[in-house]
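Scroll down for the structure; my scribbles are underneath it.
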Amino acid sequence: MQTHAIKKLLNGQVDTGESVEIKGWIRTTRDSKGGFSFLVVHDGSCFDGIQVVANNELPNYADILKLFTGCSVIIQGELVESGGKGQSVEIHAQSVEVVGWVENPDTYPVQPKRHTMEFLREVAHLRPRTNTFSAMLRVRNTMAQAVHQYFSQNGYFWLHTPIITASDCEGAGDLFRVSTLDMMNLPKDDKGNIDYSQDFFGKEAYLTVSGQLNAETYACALSKVYTFGPTFRAENSHTQRHLAEFWMIEPEVAFADLNDAAQLGEDFLKFVVKQVLANNMDDMKFFNSFVDKTAIQRLETLCDDSFERVNYADALDILKHSGEQFEYPVEWGLDLQTEHERFLTEKHFKKPTVVMNYPEEIKPFYMRMNDDGKTVAAMDVLVPGIGEIMGGAQREERLDYLLNRMEQHGLDENEYKWYTDLRRYGTVPHAGFGAGFERLVSYVTGLSNVRDVIPFPRTPGTAKF
RNA sequence: UCCCCGGUAGCUCAGCUGGUAGAGCGGGUGACUGUUAAUCACUAGGUCGGCGGUUCAAGCCCGUCCCGGGGAGCCA
C-alpha cells in the first residue's frame, strides 16, 4: 500500500477504489453514535485535510473515540467518493494507528477555534498546526522558490555573501557584535579601550546588515548576481514591519542604471506574485476570507498594472498640493515619512509606486550622484498597506565621486579599499536593490505583522524557540 | 528610545460609584446525529502579571517593575 500526500488524494491524482495510506495529524473529530467517527486529518501538503470515516468494527475503535485535535495517526483504507456534503472524496479506514497522543487535551494550545496572533506567537512551535501558519509557510515557500526561479531564468547567479562582516557599511549603532572575547575579562589596550586585536577575527566583527557591497564585487565580473539570505539589524524597532533577523533579496546588475533597477524590481515582484496565484490559490482564498478581504484582488491588480514612477521632487509637489494634513513637514531635503509614503501609494496612485532620485544628503554614500549635483539615483518601491518594500539605487561607479561621498560620510577610505578597487579596475555603471522577504510575504498574504510570516521571529527582547 | 492601549479560567473576553469572580469557546460526561465552526444537557477548571501602598475591605484606587500589542523614529 502506498503512502500518499493528502494533496494528491484531494486533487484526483489517485482513483477512488484504491487502497491508500496517509500519515498526518488529527484536526477535528466528530463521533456518531451510529457506530462510526469522522476524523479530519491534515498532513500540510495542502490547505485542506481529508475526511476519514472509521467505524466500530475497527479493533481499536475505543481508542479512536478518544482521538483529539493534534494526535498523530497513520491511516490505511479505501479512497471513496464521499457520502456526505463538503468533500468529494474520503477514506474509509481499514486501520487507524495512533502514533502520538496528546498528553493533556485541556492544555493543548492549538484548539479548533480562532486564536489571536499574539497568543500564537507565544506558541510558535505549535502554531504551524493552524490553518493560518501552514498556509503562510506554503506561500512563503512558493515565494522563496520563485525568487530563485526568477533570477535563474533571467541569467543571474546566486551569490552567498558573508553572514559575518567587519565593514559596518551602513553606519554603526544597529549592528550585532560577533565576538569570542570573555565578557567578564575583556582585554584592554594602553588607553583602556577594549583590545579587539585579540578577538577572533583580530578586529571588530558584526552580523551583516546587507550583502550589497559584497554582491557588487561579483556583479562586476559575472554581470548579474543576487543574494538571498539572513540579515540582522539591532534596531530597537517595535513595529509590524521590523525584525532583528530577516531575509533579504539583493540583486546587483552590471551595466545597469536606476531605471533598469526599477524595471527589475517590478518584473521580479510580479513574477513572484504570479507564482503564488498559480500555485497557492487555496491558501490565498483562506487569507482572502479570514485575513484580508482584498488580498487576491490586490495581487491580480499588481500583476496587470504597471508601477507608477515618480521623482522625489514631483512626489513633494503631489504631497504639498494634496490638501492632506500631515503630521510631519513636506520639504526638500527631508525624507518621506511613513504617512507620506502611504498617501502616495494608497490614496494618490492607488498602486505600487517607485519614488526615485532623492536628495543626496539623506541617502548612503554608495549611491550615484545625479547630474543636478543635489540628488542621487536612489529608489524606494512603495506598496499599499506596507509602505516601503524595496530600496535600491544605481551605485556610484566614478572613483572620485565615490571617494568624495565617503569623505562626506566620515568613512575611512582604507577600510573600503576593496570596495573602491572596483572603481579602479574596469569600473561599470551598476545598480541593484534590496527587498525584505518578510515584507513581501506580508504583502502577499495580508498578514499585517512580519512576525507572523517567519517561522520564529526575532525581535527586541525576544529570541525564544 | 518616545507616545498610547492592555495583562481576569486552556483560549477570547465581561466584571458598574471599591464589598474577595462570570460568560462564550475549548476539555470531561451523557443525549442525539453521514457529521463537517454540529446541536442540547450536566460538569470540572482562577495566587485577577509581580512587588509595595491606601482602606474595615482592592480585580477595581495609588506607586513601581515585568510582559504583550499599536503608533512614531530607523529601515527592508
Side-chain angles (χ1 to χ4, degrees), chain A residues 27-40 48-55 65-66 68-70 80-87 90 92 102 104-123 126 130-131 170-171 173-174 209-212 228 230-250 265 290 327-328 334-339 341-342 362-364 380-383 386-392 433-443 448-454 459-462 464:
Chain A
R27 183 64 62 84
T28 58
T29 65
R30 292 176 291 279
D31 301 321
S32 168
K33 289 302 179 289
F36 47 94
S37 295
F38 300 100
L39 315 174
V40 176
D48 289 312
I50 193 165
Q51 175 163 283
V52 173
V53 184
N55 70 35
L65 288 175
K66 291 179 185 152
F68 176 80
T69 305
V80 298
E81 282 185 36
S82 179
K85 296 170 190 165
Q87 60 279 319
E90 63 191 20
H92 284 186
V102 166
N104 181 0
D106 203 36
T107 58
Y108 181 59
V110 185
Q111 299 167 356
K113 58 170 288 191
R114 207 181 173 96
H115 291 291
T116 59
M117 299 304 263
E118 292 78 17
F119 170 69
L120 290 170
R121 270 171 224 149
E122 290 169 12
V123 289
L126 295 171
T130 63
N131 283 334
E170 315 251 313
D174 56 355
V209 295
S210 165
Q212 179 204 314
F228 180 15
T231 309
F232 308 87
R233 303 273 167 94
E235 293 157 355
N236 193 13
S237 302
H238 298 263
T239 80
Q240 298 193 89
R241 308 183 301 282
H242 288 85
L243 292 166
E245 176 184 294
F246 64 101
W247 287 65
M248 190 151 66
I249 300 147
E250 295 174 284
F290 292 99
E327 191 183 338
Y328 288 86
L334 298 180
D335 208 352
L336 298 181
Q337 302 295 317
T338 300
E339 58 175 345
E341 294 181 342
R342 295 187 71 152
I362 57 174
K363 290 292 179 185
D380 283 348
V381 180
L382 315 175
V383 292
I386 305 265
E388 188 179 341
I389 201 167
M390 300 182 198
F433 64 77
F437 185 55
E438 283 71 24
R439 288 190 185 175
L440 295 179
V441 181
S442 172
Y443 176 73
S448 59
N449 196 315
V450 289
R451 284 168 239 183
D452 301 322
V453 298
I454 189 167
T459 53
T462 307
K464 214 182 156 190

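All heavy atoms count here, side chains included; hydrogens, waters and symmetry mates do not.
By the side chain to side chain contact (heavy atoms under 4.5 Å, CB included) test, A:Thr338 is found to be paired with A:Arg241, A:Arg342, residues two or more places apart in sequence or in another chain being considered. Take A:Gln51 and apply the side chain to side chain donor-acceptor pair (under 3.5 Å) test, not counting sequence neighbours, and it matches A:Arg30, A:Glu90. Partners of A:Phe437 according to the ring pair (Phe, Tyr, Trp, His ring centres under 6.0 Å) rule, which considers only residues two or more places apart in sequence or in another chain, are A:Phe228.
Applying the 4.0 Å criterion to OP1 and OP2 of B:G70, one finds that A:Asn449 has a side-chain N or O inside that range. Under 4.0 angstrom from either OP1 or OP2 of B:G71 there lies no side-chain N or O belonging to A:Arg342. Phosphate contact (OP1/OP2 of B:G73, side-chain N/O of A:Gln337, threshold under 4.0 Å): present. Side-chain nitrogen and oxygen atoms of A:Thr459 include none within less than 4.0 Å of the OP1 or OP2 phosphate oxygen of B:G69. Phosphate contact (OP1/OP2 of B:A37, side-chain N/O of A:Thr28, threshold under 4.0 Å): absent. The side chain of A:Arg121 contributes an N or O atom lying less than 4.0 Å from OP1 or OP2 of B:G69.
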B/S/- contact track for nucleotides 5-11 of chain B, protein heavy atom under 4.0 Å: -----BB
Name the pairs: protein N/O against N/O of nucleotides 29-32 of chain B, kept only if under 3.5 Å.
| residue | atom | partner | partner atom | Å |
| --- | --- | --- | --- | --- |
| B:C32 | N4 | A:Lys33 | NZ | 3.3 |

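In the interface, the side chain of A:Glu118 is not paired with the base of B:G70 through any donor and acceptor atom under 3.5 Å apart. For a distance-only test at 3.5 Å, the side chain of A:Ser237 qualifies as a donor-acceptor partner of the base of B:C74.
In secondary-structure terms, RNA chain B builds stems of at least 3 consecutive Watson-Crick or G-U pairs, each pair having both distances under 3.5 Å, at B:1-7 with B:66-72, B:10-13 with B:22-25, B:27-31 with B:39-43, B:49-53 with B:61-65.
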